[in-house]
Number of protein chains: 2
Amino acid sequence: MPLHEHPAATDAARELIAARGGRVTRTRVAVIQALQRSAHPLSHDELGAALDGAGIAHDRVTLYRALDWLVEQGIAQRIAGGERAWRFEIRRDGDHRHAHFHCERCGQIVCLEDVSAAAPTLPAGFAVARAELVLHGACADCGREGVERKER
Amino acid sequence: MPLHEHPAATDAARELIAARGGRVTRTRVAVIQALQRSAHPLSHDELGAALDGAGIAHDRVTLYRALDWLVEQGIAQRIAGGERAWRFEIRRDGDHRHAHFHCERCGQIVCLEDVSAAAPTLPAGFAVARAELVLHGACADCGREGVERKER
DNA sequence: AGTCTAATGCTACAATGTTGCATCAAAAGC
DNA sequence: GCTTTTGATGCAACATTGTAGCATTAGACT
Ligand SMILES: [Mn+2]
Ligand SMILES: [Mn+2]
Ligand SMILES: [Zn+2]
Ligand SMILES: [Zn+2]
C-alpha cells in the first residue's frame, strides 16, 4: 500500500476514471495523482519514477497505455516539448490550451498558464484541432549565472 | 553522376557551403538542393529517399551529421512537427520564423508562410531564443472526402 | 602529386515507443 | 460471497529515430 496517500485525492482520481467507464487500477490512479501534484508536465520516465516512489509496481508498456487512455479520455493532454519524448499534464476544467516554455539549459518544460496558444486564421480548407506554442530559451532559474547545465 | 542536376542550383549550394568554410561534399550539396526544391519540410527519412533517387550513396549517420551541420550554420532549420522525427527546411534570407501545420490525416507538414510564430511577452527572467507554433488538424487536401488516410 | 584534416561509413549502442499474446483482476451478475 | 466476463496488465520481441567511437576516405590547399 502506497505511503502518504491522500484518500480525498485518491477518490477524486477514481471518480475521474469511473466516470468514463474505465477500470480503476492502481496505475491509472497513481498517474493521475502524480500529474495533479506536479507543477510542470511530466515525461513518461518521470512518471515511472513517481510510481516507483509511491511503491506502485508497473511495467513500461502499461504506463504508456495508461497515458494513452488518459489522453483519449481527455483527462490528460500530451505536449511535444521539443525534445524527443512526450510530456503529459492534467487537463484542468475550463483549461484554454496554454503555451509552454522549454528551457534548453535545464530541460524543464514550464507551463505558461497566462499565454494562450490560440490558432490564427488559416488558408481556406484547413481545419485546426489544436494549437501548440512552444517557446525555447533559458528559464528564469537558468538565466542567473552559476546554474549547472543538466541537458545537452 | 546524379541525373537531372541543375548546374546553377548546384553552384548556389556549393557556395552556401564554402562561404561557411565547410567542405563541399555530394551529401551536403544534394541535401541543400532537396530542401530548396521541396515545398514542405522534409524528414531525415524523406531526405534519404531523395538522395537515393538522385543516385547519391550515403549513410544514415552521415545524413544526420550533414543536417546537424546545416542547422548549426544557419543554412537549414529544424522543426519539431508533432510526430517523433525532426523535419528540416531551408532558411531563406529575411525569413521570419513562420508557423507550421501538421495534418493528422496525411502526416504532412505545411509551411504557413504568412502566419508568424512570434514570442509573446513572458514572465520576468525568461529569455526566448525561438518560438515554435504548430497547428494540428486536417489540411485542405484531407478535408475533402474520400482522401485515403496515410498515417496513424 | 603530396599533405592535412574534415567528413564519411561502419558498427554498436541508446532512447522512446509499439505489437502480440497469455494472464490477471475489476466490475457486474448471480 | 462466488462466478463470469473482459478490460487491463506484464512480458518478450520488435520498430523507429537518433548518437558515439573509430578507422578510412577524399576535399582543399600548397
Ligand atoms: Mn502546461
Ligand atoms: Mn516552414
Ligand atoms: Zn532552466
Ligand atoms: Zn493532409
Side-chain angles (χ1 to χ4, degrees), chain A residues 1 10-11 13-32 41-49 51-52 56-73 75-76 78-88 107 109 150-152, chain B residues 1 10-11 13-32 41-49 51-52 56-73 75-76 78-88 107 109 150-152:
Chain A
M1 173 167 291
T10 300
D11 286 354
R14 301 175 71 90
E15 273 174 37
L16 264 181
I17 299 168
R20 268 91 176 174
R23 288 192 180 168
V24 178
T25 66
R26 53 202 157 104
T27 307
R28 285 177 181 172
V29 171
V31 167
I32 290 176
L42 297 173
S43 65
H44 169 273
D45 216 48
E46 288 167 333
L47 279 162
L51 294 216
D52 288 343
I56 299 196
H58 67 283
D59 179 72
R60 268 166 38 77
V61 179
T62 301
L63 180 47
Y64 277 117
R65 290 199 271 228
L67 287 166
D68 285 346
W69 187 84
L70 292 176
V71 170
E72 269 170 33
Q73 300 301 317
I75 295 174
R78 216 187 298 264
I79 294 159
E83 319 105 328
R84 311 194 42 266
W86 297 112
R87 303 242 166 187
F88 299 86
I109 302 278
K150 292 179 195 160
E151 255 202 352
R152 61 151 187 155
Chain B
M1 172 167 290
T10 301
D11 286 355
R14 301 175 71 89
E15 272 173 37
L16 263 181
I17 299 168
R20 268 91 175 174
R23 289 190 181 169
V24 178
T25 66
R26 53 201 158 103
T27 307
R28 285 176 181 173
V29 171
V31 168
I32 291 176
L42 298 173
S43 66
H44 170 271
D45 217 47
E46 289 168 332
L47 280 163
L51 294 216
D52 288 343
I56 299 195
H58 67 283
D59 179 74
R60 267 166 38 78
V61 179
T62 301
L63 179 48
Y64 276 117
R65 289 198 273 229
L67 287 166
D68 285 347
W69 186 85
L70 292 176
V71 171
E72 268 170 34
Q73 300 302 316
I75 295 175
R78 216 187 298 264
I79 293 158
E83 320 103 327
R84 311 195 42 266
W86 297 114
R87 302 241 164 189
F88 300 87
I109 301 279
K150 294 182 195 157
E151 254 203 352
R152 64 151 185 153

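What you are looking at is a predicted structure, and each value in this text was computed from that prediction instead of being measured. Throughout, protein chains are lettered first and strands after them, A, B, ... in sequence-line order, and every chain is numbered starting at 1.
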Length of the [atom1]-[atom2] vector between [X] and [N], whole Å:
X	N	atom1	atom2	result
B:Glu72	C:dA7	CD	C1'	13 Å
B:Tyr64	C:dC10	OH	P	17 Å
B:Arg14	D:dA26	CZ	C1'	13 Å
B:Leu47	D:dG18	CG	C1'	15 Å
A:Leu63	D:dC11	CG	P	14 Å
A:Leu67	C:dT18	CG	P	11 Å
B:Trp69	C:dA7	CH2	P	7 Å
A:Glu83	D:dT17	CD	C1'	15 Å

Exercise for the section: Determine whether any donor atom in the side chain of B:Arg60 lies under 3.5 Å from an acceptor atom in the base of C:dG9, or the reverse, and answer yes or no. Expected result: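 Such a pair does not exist between side chain and base.
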
Practice task
Record whether the side chain of B:Arg65 comes under 3.5 Å of the base of D:dG18 through a donor-acceptor pair of N or O atoms.
Solution key: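 Side chain to base: no pair below 3.5 Å.
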
Exercise for the section: Please figure out whether A:Asp68 or B:Asp59 has its closest DNA chain C nucleotide nearer the 5' end. Expected result: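 Result of the comparison: B:Asp59.
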
Problem - Minimum-distance nucleotide to A:Thr62 side chain [options: D:dG18, D:dG10, C:dT16] - result: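 The closest nucleotide is D:dG10.
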
Exercise for the section: Output the single nucleotide from D:dC22, D:dG10, C:dT16 whose closest atom is nearest the side chain of A:Arg84. Expected result: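 Comparing D:dC22, D:dG10, C:dT16 against the side chain of A:Arg84, the answer is C:dT16.
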
Handout entry: Verdict with supporting geometry, B:His44 and B:Leu67, side chain to side chain contact (heavy atoms under 4.5 Å, CB included)
Key = CA-CA 8 Å; B:His44 170 271; B:Leu67 287 166; 4.2 Å; yes

Practice task
In sequence, state the C-alpha distance, the side-chain angles, and the governing distance for A:Asp68 and A:Arg78, and then conclude on salt bridge (charged side-chain N to carboxylate O under 4.0 Å, His left out).
Solution key: CA-CA 9 Å; A:Asp68 285 346; A:Arg78 216 187 298 264; 3.5 Å; yes

Show me the donor-acceptor pairs within less than 3.5 Å that the side chains of residues 58-66 of chain B make with the rest of the protein, sequence neighbours left out.
| unit_1 | atom_1 | unit_2 | atom_2 | d |
| --- | --- | --- | --- | --- |
| B:His58 | ND1 | B:Ile56 | O | 3.1 |
| B:Asp59 | OD2 | B:Val61 | N | 2.9 |

Handout entry: A:Trp86 side-chain N/O to C:dT16 phosphate OP1/OP2 under 4.0 Å
Key =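 Result: no.
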
Exercise for the section: Work out which heavy atom in A:Leu51 is nearest to a heavy atom in A:Thr27; give both atom names and the distance. Expected result: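 A:Leu51 and A:Thr27 have their closest heavy atoms at CD1-CG2, 4.0 Å.
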
Handout entry: Comparing B:His44 and A:Ala66 on DNA chain D - which has the more 5′ nearest nucleotide
Key =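 Upstream on the strand: A:Ala66.
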
Problem - Under 3.5 Å: donor-acceptor pair, side chain of B:Arg14, backbone of B:Val24 - result: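 A pair under 3.5 Å: no.
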
Practice task
Please answer whether the main-chain N or O of A:Ala57 pairs with a side-chain N or O of A:Arg26 as donor and acceptor at a distance below 3.5 Å.
Solution key: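 Answer holds: yes.
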
Practice task
Salt-bridge test for A:Glu46 and A:Arg87: reply yes if a basic N is under 4.0 Å from a carboxylate O, no otherwise.
Solution key: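 A salt bridge is present here (some side-chain N lies under 4.0 Å from a carboxylate O).
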
Practice task
Name every residue in residues 17-28 of chain B that has at least one heavy atom under 4.0 Å from any atom of DNA chain D, in order of residue number, or write none if there are no such residues.
Solution key: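 Of all residues in residues 17-28 of chain B, the ones placing a heavy atom under 4.0 Å from DNA chain D are B:Arg23, B:Val24.
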
